[in-house]
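Nothing fancy with the numbering, it's 1 onward along the sequence. One-based numbering, in listed order, for ligands and for the atoms of each.
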Amino acid sequence: MKTLHVYVVMATAILSVRTQVTKGAEKTKECICELNNSGLTFPTRRLQNVMSGATDCTQKITTQQMSEVDILMDKLHHRLRQLEQDVVDLEQEDDGSSQQGDLYMAVSLRIIEIELAEILDLVSKLNTTTAGHQGLSKDISIKLKNMNTEMESLEKFDHTQIVQKQKQNQVLMKALTKCQADMLVTVAPPVIPVPGNCFRGNLLNVTGPSTYTVTEYGTSYAFGAWGRDPKPAKGKEDWYWLVALTSSNIYANYIRWYSSHSAIVVGVKAEDVLISSSNPTTNTVQGPNVAMYENALYYSCYNSPTLCRFNMTARTITTTALTDAGHNNKFPFCHLGACYAYTDVDVSTDESGLWVVYATPENFGNVVLSKVEVNGTASLGRTWRTSLHKRTVSNTFVACGVLYATRYLDKYNEEIFYSLDTVSGLERYDVGLRIKKMTDNIQSLNYSPCDQKLYAYSDSYVLTYQVVFG
Ligand SMILES: *[C@@H]1O[C@H](CO)[C@@H](O)[C@H](O)[C@H]1NC(C)=O
Ligand SMILES: *[C@@H]1O[C@H](CO)[C@@H](O)[C@H](O)[C@H]1NC(C)=O
Ligand SMILES: *[C@@H]1O[C@H](CO)[C@@H](O)[C@H](O)[C@H]1NC(C)=O
Ligand SMILES: *[C@@H]1O[C@H](CO)[C@@H](O)[C@H](O)[C@H]1NC(C)=O
Ligand SMILES: *[C@@H]1O[C@H](CO)[C@@H](O)[C@H](O)[C@H]1NC(C)=O
């Protein structure tokens, strides 16, 4: 429990402001303004007694019918009326608790004190004037004296002390305001941040494979990629794309579409969409690490450090320069000393959009990750320079704002060993999650935010793995 105490001691009360955080099932925080009215309460009744005594006095004086004192009597009468009204006001203000009430009460009492002083002055003048008239009885004289004494005793409650404390009360108010502001800011309970700010939680495991099948091409093409478009065209929500590197295990010039998962398993394509009639040629596909996003295929352009986008709708290609990115096997993915040919550039999709992984000499051949802003002409957005040497990696994918890298463990296992949190910038080399393999090599790995599956292309086979978050 964290408690902020602010105390202000006043003539009659102790006020405290504190912040209270309760830890438990329900995490709550509240500002409490506590009033300990341990002090003296203003004795309104006693003042009333003085007032009624004064009124009584006036009545008795007026009955004396003393001509010399008519003017003084008039004044006195007026003063007592005033006093009466002030006492009524005071009673209305004295609603018991509020500081403001206390403050006004103090001011009102001061006014009454002044009133009474003037009354006493008038009475004193009256007394002098009527001394020879035996007008004022001894009784009235005593009463007036008593009133004076009582008034002096009431001065104990002189709330000018509260007036002096007004500044402290303002400090108190500020503390209360700040407390409330703090409460708004820090209302969220402290949580251990999830990598990438991922709403799915931490990546806990990769299970499977569930799908494991050779494609329609048989074992003709060992290199390729497949997956689902996270933002598919209307009517193609259940479609799967497949790009096989049909020339030299390096190049591709068309995309094959399947209208369902079972269609790809039984090998019945929906259509082939041609990027170019030649293979390879300018802006055709080079390398297996391609991805489909918003009905456009993103890939490494043929023989150029460039990211290509093939628009499925318009059937046109636009390009984005990958400045300084290694290409043509300069910084490929590798395993056990061998490398996957022409895997310099890897395109990934996740919940937030599109990403591209490459390496630059400027970053010593280490992995560089860039967000791809797909609006209009695709451009590179935020970029992270990692300490991960690209040649020590067999594949990468991005899931929920975190870059993951795999390495070859053995014939049966690939391991996700590395992660880069794009929110905190934190790199980890101890992720230690295994991916069970059916064949030796994984040529490409794509994460689909639609179903949280990894789509792997492995030695002519297509496989899916379930990514488990929590
Ligand atoms: C108010 O009074 C209660 C009970 O007497 C006491 O426990 C508490 O500490 C007091 N608070 C302040 C601010 O003095
Ligand atoms: C009025 O005058 C008498 C005698 O002069 C004095 O004893 C008394 O205290 C006076 N009363 C007041 C209220 O001043
Ligand atoms: C991951 O899943 C596999 C297969 O379901 C299981 O054997 C393994 O223990 C899991 N690993 C972790 C870290 O939960
Ligand atoms: C693809 O082309 C269509 C038709 O010209 C256009 O509406 C769409 O915005 C393009 N997509 C991208 C990602 O540029
Ligand atoms: C892309 O376009 C969409 C819709 O026009 C817009 O909401 C979004 O902010 C744009 N993103 C960028 C990075 O410009």
Could you check whether the rings of Trp226 and His261 sit parallel, tilted or perpendicular, using 30° and 60° as the cut-offs?
tilted

Note the single closest protein heavy atom to atom 11 (N) of ligand 3, along with its residue, its atom name and the distance in Å.
Asn205 ND2, 2.8 Å

Work out which heavy atom in Ala399 is nearest to a heavy atom in Phe469; give both atom names and the distance.
CB-CZ, 4.2 Å

Are Trp355 and Trp384 an aromatic pair by the rule of ring centers under 6.0 Å?
yes

Within a distance under 4.0 Å of any heavy atom of Thr207, pick out the atoms of ligand 3 and give their elements.
2 (O), 5 (O)

Note: Arg309, heavy atoms under 4.0 Å from ligand 4, region reported as side chain

Closest protein heavy atom to atom 13 (C) of ligand 3, given as residue, atom name and distance to 0.1 Å
Leu204 O, 4.2 Å

Can you find an N/O atom of Asn311 closer than 3.5 Å to an N/O atom of ligand 4?
yes

I'd like to know whether the aromatic ring centres of Tyr342 and His327 sit less than 6.0 Å apart in this structure.
no

Are Tyr358 and Phe331 an aromatic pair, judged by ring center distance below 6.0 Å?
no

When you measure from atom 2 (O) of ligand 3 to the protein, is at least one non-hydrogen atom found at a distance under 4.0 Å?
yes

Determine whether any protein heavy atom is located less than 4.0 Å from atom 9 (O) of ligand 3.
no

Salt bridge (charged side-chain N to carboxylate O under 4.0 Å, His left out) partner of Glu415, chosen from Arg434, Lys436, Arg407
Arg407

Looking only at protein heavy atoms, which one is nearest to atom 5 (O) of ligand 4, and how far off is it?
Ala314 CB, 3.8 Å

